[in-house]
2 protein chains.
Amino acid sequence: MPSSKPTPVTMDAVYTAPGYLFRRMQQIAVALFIEECKAFDLTPVQYAALVTISTHPGIDATRLSAVIAFDRSTLGNVIERLQAKEYIVRKPAPEDKRVKLLYLTKAGAAVLGDIMPSVDKAQARMLQPLKPADRKTLLSLLTQLVDLNNESSRVPLRAEDALEHLGRSG
Amino acid sequence: MPSSKPTPVTMDAVYTAPGYLFRRMQQIAVALFIEECKAFDLTPVQYAALVTISTHPGIDATRLSAVIAFDRSTLGNVIERLQAKEYIVRKPAPEDKRVKLLYLTKAGAAVLGDIMPSVDKAQARMLQPLKPADRKTLLSLLTQLVDLNNESSRVPLRAEDALEHLGRSG
DNA sequence: ATTTAATTGACAGTATACTGACAATATGGC
DNA sequence: GCCATATTGTCAGTATACTGTCAATTAAAT
């Protein structure tokens, strides 16, 4: 076997790297979401925030961040935009002057109801090129991997249960 | 079965969506890359660009964009930063006054050689929570999916071959 | 050759992401 | 009650991403 030659760099150092593939796939996923949902003025991140505010009325920004595992700083801007579109409102929490609680407006609830079919279509298109059995396998492995790597992310996902009593116990 | 109730929105609309999982996994991948490579002043995108300039000395920004499937506008800034760090140089193309050709500097080649083990470690850590067989399966499905969805992305990947004679034939 | 098309790099504008800091506020130990 | 500490929202700074536009330049059409 050849021994002391310096390893030649090839494009495989990029193309076969899982990180590169995850990046590409994320970009494709966003492109498909935007294409399917272009009739609605919502990005994937804004959609996720809206769903979460819908299922957790009165949640605050920090807990929202933990429930969808998005950066708290980033979320500030996302919330601003949702507010500017009048899809949500912010109300000061009576018992904690720091906190602002988030609620869907009627327009927010309406757009969420309307956009759902398009979102589903986009999600389906992402995996459509694979055979049905392969879709299941990929989704299962991906779910496992995200879960097992949870603590490696800057903003680990904290399930709703773990947050329910954050205000009192910690 | 209940029939006409409006479908209640649950967090599954977020958590089980492939797009959400790809986003989370991409963020985890970047976090692991940055952590493993913190001794080197390179981001994942800058690393990919550097590898490509290394394997394609004298490539221009537009072709670089196509070879790694990164947005051309974004790449302009990436190139600026690599230039500021003196890892690459730009030389005007003699036969086309619009084009600026990209070359690695010695410092660029050195950092690329040095960072490789850390990059490999980061890539390995992303999949490490899975069993070896599952890693292979996931990587295979992900590679297929990215390839099959190539045209759905804003900047489809164009292999090096398809670009070799872009300057003459198109 | 002259008009038309396309290409290249650049730029402005918007939207995620992350880092690190900060003031206001709340909570804990004592 | 007082002080150290933690939390909340915010902000500034950097780095991807994408859209759309533009001037300079080149290539293609005729």
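What you see is a predicted model; the values in this text were computed from it and never measured.
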*Asks:* Check nucleotides 23-26 of chain C for protein N or O atoms closer than 3.5 Å to its own N or O atoms and list the pairs.
*Replies:*
residue	atom	partner	partner atom	Å
C/dT25	O2	A/R98	NH1	3.3
C/dA26	OP1	A/K97	N	2.5
C/dA26	O4'	A/R98	NH2	3.4

*Asks:* Name the nucleic acid region contacted by B/T74, choosing base, sugar-phosphate or nothing; use a 4.0 angstrom heavy-atom cut-off, strictly under.
*Replies:* base
*Asks:* Find the partner of D/dT26: check Watson-Crick (N1-N3 plus N6-O4 or O6-N4) and G-U wobble (N1-O2, O6-N3) distances, both under 3.5 Å, and reply none if neither fits.
*Replies:* none
*Asks:* Nucleotides 11-14 of chain C: which of its N/O atoms have a protein N/O under 3.5 Å away?
*Replies:*
residue	atom	partner	partner atom	Å
C/dC11	N4	B/S73	OG	2.9

*Asks:* Tell me: NZ of A/K100 to C1' of D/dT8, nearest whole Å?
*Replies:* 10 Å
*Asks:* Using the test salt bridge (charged side-chain N to carboxylate O under 4.0 Å, His left out), find all partners of A/R98 that sit at least two apart in sequence or belong to another chain.
*Replies:*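 Expected list: A/D96.
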*Asks:* Considering just the side-chain nitrogens and oxygens of B/Q46, establish if one lies under 4.0 Å of OP1 or OP2 belonging to D/dT16.
*Replies:* yes
*Asks:* List, one per line, each side-chain donor-acceptor pair under 3.5 Å for residues 109-132 of chain B, sequence neighbours excluded.
*Replies:*
residue	atom	partner	partner atom	Å
B/Q123	OE1	A/G19	N	2.8
B/R125	NH1	B/E35	OE2	3.4
B/R125	NH1	B/E36	OE2	2.9

*Asks:* Of A/V30 and A/R72, whose closest DNA chain D nucleotide lies nearer the 5' terminus?
*Replies:*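 Looking at the nearest nucleotide for each, A/R72 comes out on the 5' side.
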*Asks:* Please determine if a side-chain N or O atom of A/R24 lies less than 4.0 Å away from the OP1 or OP2 oxygen of D/dT16.
*Replies:*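 Result: no.
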*Asks:* Identify, with sequence neighbours excluded, every residue that meets side-chain contact (heavy atoms from CB on, under 4.5 Å) alongside B/A61.
*Replies:*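 Per chain and number, B/A61 pairs via side-chain contact (heavy atoms from CB on, under 4.5 Å) with B/I79.
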*Asks:* Whole Å only: how far is the CG atom of B/L82 from the C1' atom of C/dG9?
*Replies:*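 Going from CG in B/L82 over to C1' in C/dG9 covers 16 Å.
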*Asks:* Quick one: list whatever passes salt bridge (charged side-chain N to carboxylate O under 4.0 Å, His left out) with A/E95, sequence neighbours left out.
*Replies:*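 A/E95 satisfies salt bridge (charged side-chain N to carboxylate O under 4.0 Å, His left out) with no residue once adjacent residues are dropped.
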*Asks:* Please check if any side-chain donor atom of A/N149 sits under 3.5 Å from a side-chain acceptor atom of B/R24, or the reverse.
*Replies:*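 Side-chain D/A pair, A/N149 to B/R24: absent.
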*Asks:* Is any NZ, NE, NH1 or NH2 atom of the basic residue among A/K100 and A/D60 found under 4.0 Å from an Asp or Glu carboxylate oxygen of the other?
*Replies:* no
*Asks:* Mind checking whether B/V67 and B/R158 have side chains closer than 4.5 Å, heavy atoms only?
*Replies:*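 No - every pair of side-chain heavy atoms lies 4.5 Å or more apart.
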*Asks:* Sort out the partner of C/dA5 for me: Watson-Crick or G-U wobble, both distances under 3.5 Å, none otherwise.
*Replies:* none
